[in-house]
Amino acid sequence: MKPAPFKYYAPRSVPEALSLLHEHGYDAKVLAGGQSLVPMMNFRLVQPAVVVDINNIPELATIQGDNKSLRLGAMVRHAAAEKDSLVKESAPLVHESMPRIATMQIRNRGTIGGSLSHADPSAELVVVTTALKANFRIQNQSGERVVPASEFFVGLLMTAMEPEDLLVEIEIPPLPPRSGWSLKEVARRPHDFALVGVAAVLTLDRKDRCEDARLVYLSAGDGPISAPEAAALLQGEKITPDLIAAAADKAAVDEIDPGSDIHATAEFRRHLANVLTRRALEEAHQRALGGKEEI
Amino acid sequence: MENQFDLSLTVNGVSYQREVDPRRLLSDFLRHDLGLTGTHVGCEHGVCGACTVLLDGAPVRSCLIFAPQAHEHEITTVEGLGTIDDMHPLQEAFREAHALQCGFCTPGFLTTLLPWLEEHPQPSEEEIREAISGNLCRCTGYQHIIDAVKLAAEKMAAG
Ligand SMILES: Cc1cc2nc3c(=O)[nH]c(=O)nc-3n(C[C@H](O)[C@H](O)[C@H](O)COP(=O)(O)OP(=O)(O)OC[C@H]3O[C@@H](n4cnc5c(N)ncnc54)[C@H](O)[C@@H]3O)c2cc1C
Ligand code: FES
Ligand code: FES
């Protein structure tokens, strides 16, 4: 199908984009990579009267970093983040998630900000930024605010942003020393949206006890689904296979809320989540111990 | 008409200027406005890969780009690869290895593989499978396409 008619604007600066969004409010949609928006427009699931294309604003596509955070502009494309050495070094979990997002042709267009604004619970970046406690820098004509991931994703395809808001930057704080991470998912083909997946981050203290653990699931509910109770089981303890198994059971049985569809039943998704949690925690643990880098 | 966009872009090395309705998809612009019907349209939601073209050298879905977004950019379609009398080695390899039956998917495979083979001159079978995973073919079962990519790599290495 073809999209319904709309008025097209291609602002050259952030203030220009903000003023258009202010003027058109609910009638306007921001167009980033278009890899989620254009399919929805082609199906006429959305019919914005105004499209504000932010592809011509170079300042939104920068990658910067210092010891406080890695800062990804909203218009950094998946393909650019995938190849960037700073991303690989300072946020390896983000780097690792990239090749799993769709295929190369989609990654050449899709953007970090677009994926996060779309807030699909199956999107790798939604889960990864939650696990990494990223902050979202949002602007509108009246000013700027910074929203933590825990408050940014508010429901199925919903964020804390209003129609006049523009996501401009995502700040990813570095992990503390002695931290390990892992991202595990099962998809029918490597780049498809995953049936279920988990991002794990584990930090150890000097005696190799768990100081902090975070488990966040994709395709397991209406948003990124955290498993604080499973994480609490690990807290303060030495990580053993039995403890990992207990945490995986807790998360897969009590904390996630996957649905059933043509691809998998909820029960099968819980089973996968259980197995993936074990693998993710094992890998994160090894990395935190400074052991193997790659599996 | 009101709300038309003054589009200028380069397609296969030729400059074009056209007035377009902003909702015109790049795929439809290439096919209907420029008559370049080599770019095929399958699903219009990014899944099949038939509409793949190169935007400034990188493969993208032309069904997920509005024509005005290609303003002042360079597009390469399958027509830009070679002619019937002077085919690109990649096209020759597809013919020789029987990598197509109906041919509907072929333009998308070729445009996907062209820059990829330049970056991966000696690809493994696994890498090839990964590279073509964003393109659907309902006819060949993919095996002959994989053979063709290997053959194309050899041809391109030989110059
Ligand atoms: C076939 C296919 C397979 C895919 N597979 C995966 C996958 O496995 N995993 C995955 O994570 N994703 C997948 N995707 C989605 C892909 O990653 C998209 O690129 C991404 O979801 C959207 O990014 P975009 O830049 O294209 O955003 P757009 O489509 O341009 O925008 C998406 C939404 O966000 C809004 N928006 C965009 N940028 C901003 C901003 N800066 N501020 C405020 N609002 C904004 C838009 O208005 C729109 O509502 C797939 C897509 C396709 C077509
Ligand atoms: S028509 Fe564009 S991907 Fe199928
Ligand atoms: S040759 Fe017919 S779809 Fe590929």
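Scope of the values below: all heavy atoms of this structure, side chains included, with no hydrogens, waters or symmetry mates. Please read all numbers here as calculations on a predicted model, not as lab measurements. Protein chains get the first letters and strands the later ones, always in sequence-line order, with residue 1 at the start of each.
Distance check, rounded to the nearest 0.5 Å: CD of Q35(A) to CG of L64(B) gives 4.5 Å. In this structure, the separation between CG on N42(A) and CZ on R23(B) is 11.0 Å, given to the nearest 0.5 Å.
More than 12 heavy atoms of other shown residues, nucleotides or ligands fall within 6.0 angstrom of atom NZ in K155(B). Applying the 6.0 Å contact sphere to CZ of F268(A) captures no more than 12 heavy atoms from other residues, nucleotides or ligands. Heavy-atom neighbours of R188(A) CZ from other residues, nucleotides or ligands within 6.0 Å: at or below the threshold of 12. More than 12 heavy-atom neighbours from other residues, nucleotides or ligands sit within 6.0 angstrom of CD on E82(A).
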Report task. Let me see the working for Y8(A) and F66(B) under ring pair (Phe, Tyr, Trp, His ring centres under 6.0 Å), right down to the final yes or no. Result -> CA-CA 10 Å; Y8(A) 174 79; F66(B) 295 116; 7.4 Å; no

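The candidate from V38(A), T103(A), D192(A) with the greatest count of non-hydrogen atom pairs under 4.5 Å with chain B is V38(A). Between chain B and the residues R107(A), K2(A), R189(A), the most heavy-atom pairs under 4.5 angstrom are made by K2(A).
Applying a 4.5 Å heavy-atom cutoff, the residues of residues 87-112 of chain B that approach chain A are T112(B). Within residues 30-46 of chain B, the residues that have a heavy atom under 4.5 Å from a heavy atom of chain A are E44(B), H45(B), G46(B), listed by number.
Contact annotation for L31(A): only side-chain heavy atoms (C-beta onward) come within less than 4.5 Å of a heavy atom of chain B. For a residue to count as touching a neighbouring chain, one of its non-hydrogen atoms must lie under 4.5 Å from one of that chain's; by this rule M40(A) does not touch chain B. Residue A79(A) does not touch chain B at all, counting heavy-atom pairs closer than 4.5 Å. Interface remark: S133(B) contributes backbone and side-chain atoms alike to the contact with chain A (heavy atom separation under 4.5 Å).
Counting heavy atoms from C-beta outward, Q105(A) and N135(B) have side chains that approach closer than 4.5 Å. With contacts defined as side-chain heavy-atom distances shorter than 4.5 Å, the pair Q69(B)/D53(A) qualifies. The shortest side-chain heavy-atom distance between M104(A) and T52(B) does not fall under the 4.5 Å cut-off. Side-chain contact check for L55(B) versus R109(A): some heavy-atom pair is nearer than 4.5 Å.
The shortest heavy-atom contact between A58(B) and N108(A) is CB-ND2, 3.8 Å.
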